[in-house]
There are 2 protein chains.
Amino acid sequence: MTDLAPSKADQVHAQLKEEIELGELAPGASLSELWLVERTGASRTPVREALRRLAAEGLVDLAPRQGARVSRVSARSVRDLFEFRTLLEPAAVRQATEAASADPGLHREFAAMRDAFAGTLDQAPSTARSRSFYELADRFDWAVVRATRNEHLRRTIAELRPHTARLRNLSHLDPQRVEVSVGEHLAVCDALLAGDADGAAAALTEHLRRSLETIFRNLAGSPGEDVDLLG
Amino acid sequence: MTDLAPSKADQVHAQLKEEIELGELAPGASLSELWLVERTGASRTPVREALRRLAAEGLVDLAPRQGARVSRVSARSVRDLFEFRTLLEPAAVRQATEAASADPGLHREFAAMRDAFAGTLDQAPSTARSRSFYELADRFDWAVVRATRNEHLRRTIAELRPHTARLRNLSHLDPQRVEVSVGEHLAVCDALLAGDADGAAAALTEHLRRSLETIFRNLAGSPGEDVDLLG
DNA sequence: GTATGCCAAACTGTATACAAGACCTGCCGG
DNA sequence: CCGGCAGGTCTTGTATACAGTTTGGCATAC
């Protein structure tokens, strides 16, 4: 299994995905192929492939003969995203719980993360702590995804991650929220490590519910309306 | 909103998707770009785009520098597919139930389908009846997808449909199963029309459970093993 | 007879040229 | 002054040429 060098299409795709996640490419921004060719140094063929892939992932809207734009974020899209995650991720964490019960190595990995989360609480509130927490939370989410047995479930959740990340980067980080969120992650970890699949799923559901609540409070939008946000 | 002429990439994509669904392109079949160029009359660029799209949908496997193959069907992939559908489709039918309760036109549409299912029972068992039933079941599934509010849920289920269709076309139709399946669809319809979201979801879950059972009986494989089936 | 190394053919990844449609600007008519 | 039309420019969709890599076969050595 020699690691192939990533193709230019891969590179352009990864670069654009990151820039969209970080909000450097704002929702609604126009992505002309020629402009991307200049920016990335690749030719139109890999650029096109990257754009098509991003469109399949929902990060880019593609209008025939009109080109690509960074997909917009509406209150409705946020609600849809979290509703969908609430459907999928508890199921994934159930599978991860079973996997961790059967695989001691995996169990240790999750135990280490639980301790890392607990360690976060000892630090004084700061943007540095916020960032290290979100990094840790990302690693935890990723570990859950990897431990998910079902291929469709795994792929679908993985595809949602950039959307969630973008939302977090577009909205303001809420230092208050970190404190609570750590606790919620600890609850999920504890249930997972105890082999309590239902408990882990329930804790994760609760975490998602509160995250959505916080996001809407910060965006000052209400879940019902369908106006464009952030752009 | 004038309907744009579909691009060549669209055409190639649709054609290949259909051939894979119908089993005319067997699992594992090699799809060289040049061969597809000859077959479809398009040039490599649209062919490549179609292949990439099919890969994103999971219908073809794409190995770097080695080309595309029609994705294989394993006992495990079948189990994963149905497990995932069991997670998603009950949620979708819940949303469809709510939508039908709120929209009289939609309610009438589903009522017409219920009657059509009931009418199927009057016909004598035959391959013609089987086909008309599956066609009807497809239209019903599609109507549920369209009535699904959540965009992610709708797109994801829509992407699974070709996989299910392929499975049905690769395995033998079971005339016995039609009789029972009609009843299961009727149960879903009745609950949906009565506004009983939980009932509709439960009936659909049961339908999926039995469908999977039948498929595994027909394929003579067991859900646990992970050997390649059908080609 | 088997294994190994090399060569050639084929294929994918990439770049670029060509064609056709969409958008914008500026002019003309009302 | 405003609206519609025409030309030009820019963009995307498509075709094709070019380069690097993989694969399969054949010959040769053991």
Side-chain angles (χ1 to χ4, degrees), chain A residues 1-20 25-72 228 231, chain B residues 1-20 25-72 228 231:
Chain A
M1 288 293 186
T2 73
D3 260 337
L4 263 352
S7 70
K8 298 220 171 176
D10 288 333
Q11 296 174 36
V12 175
H13 171 78
Q15 179 183 338
L16 285 179
K17 189 160 100 174
E18 184 176 339
E19 289 178 346
I20 293 174
L25 291 172
S30 177
L31 300 173
S32 127
E33 293 177 4
L34 210 63
W35 181 65
L36 292 173
V37 163
E38 288 173 9
R39 263 171 52 94
T40 63
S43 75
R44 278 187 63 208
T45 308
V47 164
R48 277 177 73 82
E49 184 178 327
L51 284 177
R52 300 304 155 100
R53 243 192 278 176
L54 290 167
E57 295 165 9
L59 289 173
V60 156
D61 289 334
L62 217 49
R65 293 252 171 227
Q66 279 181 235
R69 292 180 166 281
V70 178
S71 70
R72 295 184 177 281
D228 268 9
Chain B
M1 290 295 181
T2 73
D3 261 334
L4 265 349
S7 70
K8 298 218 171 176
D10 289 333
Q11 295 174 35
V12 174
H13 171 78
Q15 179 183 337
L16 285 179
K17 188 160 101 175
E18 185 176 339
E19 289 178 347
I20 293 174
L25 291 173
S30 177
L31 300 174
S32 122
E33 293 178 2
L34 211 64
W35 181 65
L36 291 173
V37 162
E38 288 172 10
R39 262 170 52 93
T40 63
S43 75
R44 276 186 64 206
T45 308
V47 164
R48 274 177 75 82
E49 184 177 328
L51 284 177
R52 296 331 227 266
R53 243 192 278 178
L54 290 167
E57 295 165 8
L59 288 174
V60 313
D61 291 333
L62 217 48
R65 294 251 172 227
Q66 278 181 241
R69 294 181 166 280
V70 178
S71 71
R72 296 184 177 280
D228 269 8

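Note that the structure is a prediction, hence the values are computed from the model and not measured. Below, chain A is the first sequence line, B the second, and so on; all start at residue 1.
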J.: Please name all residues satisfying side-chain contact (heavy atoms from CB on, under 4.5 Å) with B:Q15, sequence neighbours left out, ordered by chain then number.
T.: B:E19, B:R39, B:T40

J.: Under the rule for side-chain contact (heavy atoms from CB on, under 4.5 Å), what residues qualify as partners of A:A68, not counting sequence neighbours?
T.: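 A:A68: side-chain contact (heavy atoms from CB on, under 4.5 Å) contacts with A:L31, A:L51, A:V60, A:L62.
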
J.: Tell me, please, which residues at least two apart from B:E57 pass side chain to side chain donor-acceptor pair (under 3.5 Å).
T.: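 Here the qualifying residues are B:H13.
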
J.: Nearest-Å distance, CZ (A:R48) to P (D:dT11)?
T.: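 So the two atoms are 14 Å apart, to the nearest Å.
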
J.: Distance check, rounded to the nearest 0.5 Å: B:R52 atom CZ versus A:E49 atom CD?
T.: 4.0 Å

J.: Could you go through nucleotides 15-17 of chain C and list every protein N or O atom that sits under 3.5 Å from one of its N or O atoms, giving the distance for each pair?
T.:
from   : atom 1 : to    : atom 2 : distance (Å)
C:dA15 : OP1    : A:K8  : NZ     : 3.2
C:dA15 : OP2    : A:S43 : N      : 2.8
C:dA15 : OP2    : A:S43 : OG     : 2.7
C:dA15 : O5'    : A:S43 : OG     : 3.4
C:dA15 : N7     : A:T45 : OG1    : 2.8
C:dT16 : O4     : A:T45 : OG1    : 3.4

J.: What string of B, S and - do you get for nucleotides 6-11 of chain C 5' to 3' if you count protein non-hydrogen atoms under 4.0 Å?
T.: -----S

J.: Could you check how far CD of A:E49 sits from C1' of D:dT12, rounded to whole Å?
T.: 17 Å

J.: Between C:dT14 atom P and A:L36 atom CG, what is the distance in whole Å?
T.: 16 Å

J.: B:R69: which residues meet the side-chain contact (heavy atoms from CB on, under 4.5 Å) condition with it, sequence neighbours left out?
T.: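 Counting only residues at least two positions away or on another chain, B:R69 forms a side-chain contact (heavy atoms from CB on, under 4.5 Å) with B:S30.
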
J.: How far apart are the closest heavy atoms of A:V12 and A:A50, and which atoms are they?
T.: CG1-CB, 3.6 Å

J.: Grab the CH2-C1' distance between A:W35 and D:dT9 for me, whole Å please.
T.: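 It works out to 21 Å between those atoms.
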
J.: Can you check side-chain contact (heavy atoms from CB on, under 4.5 Å) on A:R48 and A:E33, steps first, answer last?
T.: CA-CA 7 Å; A:R48 277 177 73 82; A:E33 293 177 4; 2.9 Å; yes

J.: Please name all residues satisfying side chain to side chain donor-acceptor pair (under 3.5 Å) with A:S7, sequence neighbours left out, ordered by chain then number.
T.: A:D10

J.: Name every residue in residues 56-63 of chain A that has at least one heavy atom under 4.0 Å from any atom of DNA chain C, in order of residue number, or write none if there are no such residues.
T.: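 Those residues whose heavy atoms fall under 4.0 Å from DNA chain C, taken from residues 56-63 of chain A, amount to none.
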
J.: Could you check how far CZ of B:R52 sits from P of C:dT12, rounded to whole Å?
T.: 9 Å

J.: Looking only at heavy atoms, what is the nearest atom pair of B:A56 and A:A56, with distance?
T.: CB-CB, 4.3 Å

J.: Can you name the residues that form a side-chain contact (heavy atoms from CB on, under 4.5 Å) with B:T45, not counting sequence neighbours?
T.: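 Expected list: B:S43.
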
J.: If I take atom CZ from residue B:R44 and atom CG from residue B:L36, how far apart are they, to the nearest 0.5 angstrom?
T.: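 Result: 11.0 Å between the selected atoms.
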
